[in-house]
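A short write-up of the structure that comes next.
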2 protein chains.
Amino acid sequence: MVIEIDFHSDEAIYVQLCNQIILGIVTAQIREGELLPSVRTLAETIGINMHTVNKAYAILQREGFLKIDRRRGAMIAIDIDKLRAIEEARAEMSLVLARAVCKNISRKELHGLLDAICDEWGV
Amino acid sequence: MVIEIDFHSDEAIYVQLCNQIILGIVTAQIREGELLPSVRTLAETIGINMHTVNKAYAILQREGFLKIDRRRGAMIAIDIDKLRAIEEARAEMSLVLARAVCKNISRKELHGLLDAICDEWGV
DNA sequence: CGCTTGTTATATAATAAATATAACAAGCGT
DNA sequence: ACGCTTGTTATATTTATTATATAACAAGCG
């Protein structure tokens with residue numbers, strides 16, 4: 001999967017990495033059981049430091065998106081704690097929806113947006 | 001409206017301020033046309049620096065949630081650029097939804113979550 | 001004139017992010 | 001046994017961001 005980093009973004013590089021890998025999973029660019037590049041390889045490919053990649057991988061492991069085997073590397077492996085996932089989704093969605101609602105975006109339009117995004121991913 | 005800052009959060013204080021004010025608008029704790037406390041007053045109430053509040057207000061003004069009059073203070077005034085708002089909502093929602101979908105939360109459940117949040121706000 | 005308003009400038013401290021080296025333990029392949 | 005790669009840890013340094021601290025300014029109200 002291709003990873004693009006915007007070095008002029010106000011988002012930290014490791015955050016961009018996490019987001020793109022998660023988007024890669026949901027768009028099936030990389031699937032459950034597949035290996036990500038090694039921290040060193042990906043770091044060199046992108047042109048950043050090894051520890052920045054390592055930080056992203058460690059976070060994704062803690063959040064239950066991948067498992068790290070010392071010798072094989074980082075493998076996509078979703079740990080499903082659904083109750084927790086729903087609570088997190090609710091908290092994050094509240095902030096997004098609040099901004100949208102303030103801007104007069106209707107509940108109906110938000111449902112439409114949700115469908116459009118899910119359609120894009122074939123979910 | 002009451003503002004609560006978590007000084008142990010990993011979110012910057014000015015970000016928490018922005019989020020809470022937007023949530024305050026959407027829950028009608030503060031309405032269009034109403035004045036927020038002055039930067040100095042709010043800073044003292046919360047126990048933080050004036051510039052931190054000023055930064056939050058400036059950001060909310062730039063994002064079109066309030067207008068600042070030099071002598072009157074900061075007033076809730078939503079600038080509706082709907083096309084832009086929808087694009088921003090789509091980008092932010094994509095990240096939230098991607099995480100949720102990875103955790104096996106279905107499209108149906110996400111619609112339910114959206115409704116639950118909107119219901120809470122009476123939107 | 002005194003007061004408050006947002007705004008700007010400058011300096012400083014504290015924290016976070018990113019980079020740079022180096023080294024370690026584990027295991028694979030030859 | 002050796003060389004290689006894997007993630008991991010440690011340390012140091014640099015840079016960027018965040019937060020605080022003072023100070024001053026222009027604008028306007030009473």
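Below, read A as the first sequence line, B as the second, and so on, with proteins coming before strands; counting in each chain starts at 1. Hydrogens, waters and symmetry mates are skipped; everything else that's a heavy atom, side chains included, is used.
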Salt bridge Lys82(A)-Glu109(B), side-chain N to carboxylate O under 4.0 Å
yes
Once you round it to whole Å, what is the distance between P of dC28(C) and CG of Leu35(A)?
14 Å
Below the 4.0 Å mark, does dA18(C) have OP1 or OP2 next to a side-chain nitrogen or oxygen of Tyr14(A)?
no
Neighbour count >12 (heavy atoms, 6.0 Å) for atom CD, Glu32(B):
yes
Under 4.0 Å, heavy atoms only, any strand: does Tyr57(B) hit a base, just the sugar-phosphate, or nothing?
nothing
Any N or O donor-acceptor pair linking the side chain of Arg40(A) to the base of dT8(D) at under 3.5 Å?
yes
Can you tell me the distance, in whole Å, between the NZ atom of Lys67(B) and the C1' atom of dG6(C)?
17 Å
Using a 4.0 Å heavy-atom cut-off across all strands, classify Arg72(B) as base, sugar-phosphate, or nothing.
nothing
Length of the line joining Glu44(B):CD and dT4(C):P, which is rounded to integer Å:
11 Å
Any Asn54(A) side-chain N or O less than 4.0 Å from OP1/OP2 of dG7(D)
no
Between P on dA17(C) and CD on Glu11(B), what's the gap in Å once rounded to a whole number?
13 Å
Send over the distance from Asp69(B) CG to dT4(C) P, rounded to a whole Å.
18 Å
Which nucleotide, dT7(C), dT8(D), dT5(C), lies nearest any side-chain atom of Met50(A)?
dT8(D)
Return yes if some donor-acceptor pair links the side-chain N/O of Lys67(B) with the main-chain N/O of Ala74(B) below 3.5 Å, else return no.
no
Quick check on Gln29(A): does its CD atom have over 12 non-hydrogen neighbours (other residues, nucleotides or ligands) under 6.0 Å away?
yes
Start at the 5' end of DNA chain D and walk down; is the nucleotide closest to Gln61(A) or to Asp10(A) reached first?
Gln61(A)
Lys55(B) side chain N/O closer than 4.0 Å to the phosphate oxygens (OP1, OP2) of dA19(D)?
no
Would you call Asp81(A) and Lys103(B) a salt bridge, using N to O less than 4.0 angstrom?
no
In whole Å, I'd like the distance from the CD1 atom of Ile13(B) to the P atom of dT15(C).
12 Å
In the structure shown, which nucleotide is the Watson-Crick or G-U wobble counterpart of dT4(C), with both distances under 3.5 Å?
dA27(D)
Partner of dT20(D) by Watson-Crick or G-U wobble geometry, both contacts under 3.5 Å, or none?
dA11(C)
Looking at dT21(C), does its base get a donor-acceptor pair with the side chain of His51(A) below 3.5 Å?
yes
Please tell me which of the listed nucleotides, dA18(C), dT18(D), dA21(D), lies nearest to the side chain of Ala12(B)?
dT18(D)
By nearest nucleotide on DNA chain C, pick out whichever of Leu36(B) and Asn49(A) is the more 5' one.
Leu36(B)
Between dA16(D) atom P and His8(A) atom NE2, what is the distance in whole Å?
12 Å
Would you please confirm or rule out a distance under 4.0 Å between OP1 or OP2 of dT20(D) and any side-chain N or O of Thr52(B)?
yes
Rounded off to whole Å, could you give me the CZ-to-P distance for the Arg62(B) and dG6(C) pair?
18 Å
Select one nucleotide: of dT9(D), dT7(C), dT6(D), the one nearest the side-chain heavy atoms of Ser38(A).
dT6(D)
May I ask you to say whether Arg84(A) pairs ionically with Asp79(A), meaning some side-chain N is under 4.0 Å from a carboxylate O?
no
